[in-house]
2 protein chains.
Amino acid sequence: MISFDSFVVTDKSPIYMQILRYIQRGIAAGQICDGDELPSRRVLSALLGINPNTVQKAYRLLEERGLIESHTGAKSLMCLDSETVEVIRAELLESDAKAVVGTMKQLGISKTQALALIERYWGEETAE
Amino acid sequence: MISFDSFVVTDKSPIYMQILRYIQRGIAAGQICDGDELPSRRVLSALLGINPNTVQKAYRLLEERGLIESHTGAKSLMCLDSETVEVIRAELLESDAKAVVGTMKQLGISKTQALALIERYWGEETAE
DNA sequence: CAAACTGTATTATATGTATAATACAGTTGT
DNA sequence: ACAACTGTATTATACATATAATACAGTTTG
């Protein structure tokens, strides 16, 4: 069963989009795998304190992207192959990197300063 | 006169928020200074191809934050002191750094990998 | 079988964002 | 003074997001 423990709604973007991204990041990080069971619409909505329709909207998008399989009455399952996982991972990495480079450049930060800043905010990550 | 040449509406967030951020980043980068003249609501809306009311909403927020001064009939001017500029700069840097660190960590990237990725996407920035 | 769960669909309501069309008061430039 | 610009305000409309309250069909489980 996919966990939503670390899901938080701080963002101002639509909740159904945040759910979508949460799943995609889970896939990219290898925490969410093919065949994994998703919480039901009602259960997840109760868990997150949001409307079932909002969860449904997110799940519908995931299905349209071919990432999950849903059938009336049955539980919804993740539907992934290794190629899909790699594509998602690459997409997320690229968009993240581009975003940070873009905003930092706009602030007039040098590459060295940017790297130092990120290193500092990485915090107590010791190993690696 | 403050330039909006490098302003683009790609983001999904509200346009008036994007205008707000654009100004704030300009302030932080030192491109926008105290006393600078803002384009009028009508002119900027025509320039960006959006509704005057949307620009007004952004300008109103800037005024509520004390960053601009507006008076009926008169042109709107930036209203900044060095302390304000530093606060804005620090806020933007912190939120950007936190955002990228958060998302990269969620993807299970190591600090070294993250730094390498950013360095790569920084592109052809030669000096510094 | 029957109860309790699934997914799916519909209708209504509220709010935020954006547009459109005006209107009016104050300032600026000729 | 007068025209052309400013800022500000109002009303109406449209769309996206989110909630609420149901309803129904299919499955899973005891």
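Predicted model only: the values in this text are computed from it and were never measured. Chain letters run A, B, ... following the sequence lines, proteins first, then strands; residues in each count from 1. Because only heavy atoms are used, hydrogens play no part in the values below, and waters and symmetry mates are left out as well, while side chains stay in.
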Shortest side-chain distance from B:Asn53, nucleotide among D:dA9, D:dT6, D:dT8: D:dA9
Residue mapping more 5' on DNA chain D - nearest nucleotide basis, A:Thr72 or A:Pro14: A:Pro14
Modelled atom types, side-chain donor and acceptor of A:Gln113 and A:Ser110, under 3.5 Å: yes
Sugar-phosphate, base or nothing in reach of B:Arg42, heavy atoms under 4.0 Å: base
From D:dT19, C:dT6, D:dG7, nucleotide with atom closest to A:Ile50 side chain: D:dT19
Interatomic distance where NZ belongs to A:Lys75 and P belongs to C:dT8 [whole Å]: 15 Å
Whole-Å gap separating P (D:dT27) and CD (A:Glu69): 14 Å
Phosphate-side-chain proximity, B:Lys57 and C:dT17, N/O vs OP1/OP2 below 4.0 Å: yes
Value in whole Å for how far the C1' atom of D:dT17 lies from CG of A:Leu61: 13 Å
Nucleotide nearest A:Ala74 (side chain, heavy atoms from C-beta), chosen from C:dT8, D:dG7, D:dT28: D:dT28
Length of the OH-C1' vector between B:Tyr59 and D:dA9, whole Å: 18 Å
Touch class at under 4.0 angstrom, heavy-atom based, for B:Glu63 against every strand present: sugar-phosphate
Phosphate contact (C:dA18 OP1 or OP2) by B:Tyr16 side-chain N/O below 4.0 Å: no
Spacing between B:Leu62 atom CG and D:dG7 atom C1', to the nearest angstrom: 15 Å
B:Asn51 versus B:Thr54, side-chain donor and acceptor atoms under 3.5 Å: no
Atom-pair distance (CG on A:Leu48; P on D:dT19), nearest Å: 10 Å
Contact under 4.0 Å: A:Ser40 side-chain N or O vs C:dC5 OP1/OP2: no
Backbone N/O of A:Trp122 and side chain of B:Lys105: donor-acceptor pair under 3.5 Å: yes
Main-chain N/O of A:Cys33 paired to A:Asp36 side chain as donor or acceptor, under 3.5 Å: yes
Sugar-phosphate, base or nothing in reach of B:Val43, heavy atoms under 4.0 Å: sugar-phosphate
N/O (side chain, A:Arg41) to phosphate O (OP1/OP2, C:dT8) under 4.0 Å: yes
Distance test, side-chain N/O of A:Ser70 to OP1/OP2 of C:dT6, below 4.0 Å: no
A:Thr54 side-chain N/O to D:dT19 phosphate OP1/OP2 under 4.0 Å: yes
Spacing of B:Arg60 atom CZ relative to D:dA9 atom C1', expressed in whole Å: 11 Å
Check: A:Arg60/A:Ser70 side-chain N/O donor and acceptor closer than 3.5 Å: no
Touch class at under 4.0 angstrom, heavy-atom based, for A:Val9 against every strand present: nothing
Minimum-distance nucleotide (side-chain atoms of A:Ile15 versus C:dT17, D:dA20, D:dA18): D:dA18
All side-chain hydrogen bond (donor to acceptor under 3.5 Å, both in side chains) counterparts of A:Asp34, not counting sequence neighbours: none
Phosphate OP1/OP2 of D:dG7 contacted by B:Gln56 side-chain N/O (<4.0 Å): no
Separation of D:dA18 P from A:Leu20 CG (nearest whole Å): 12 Å
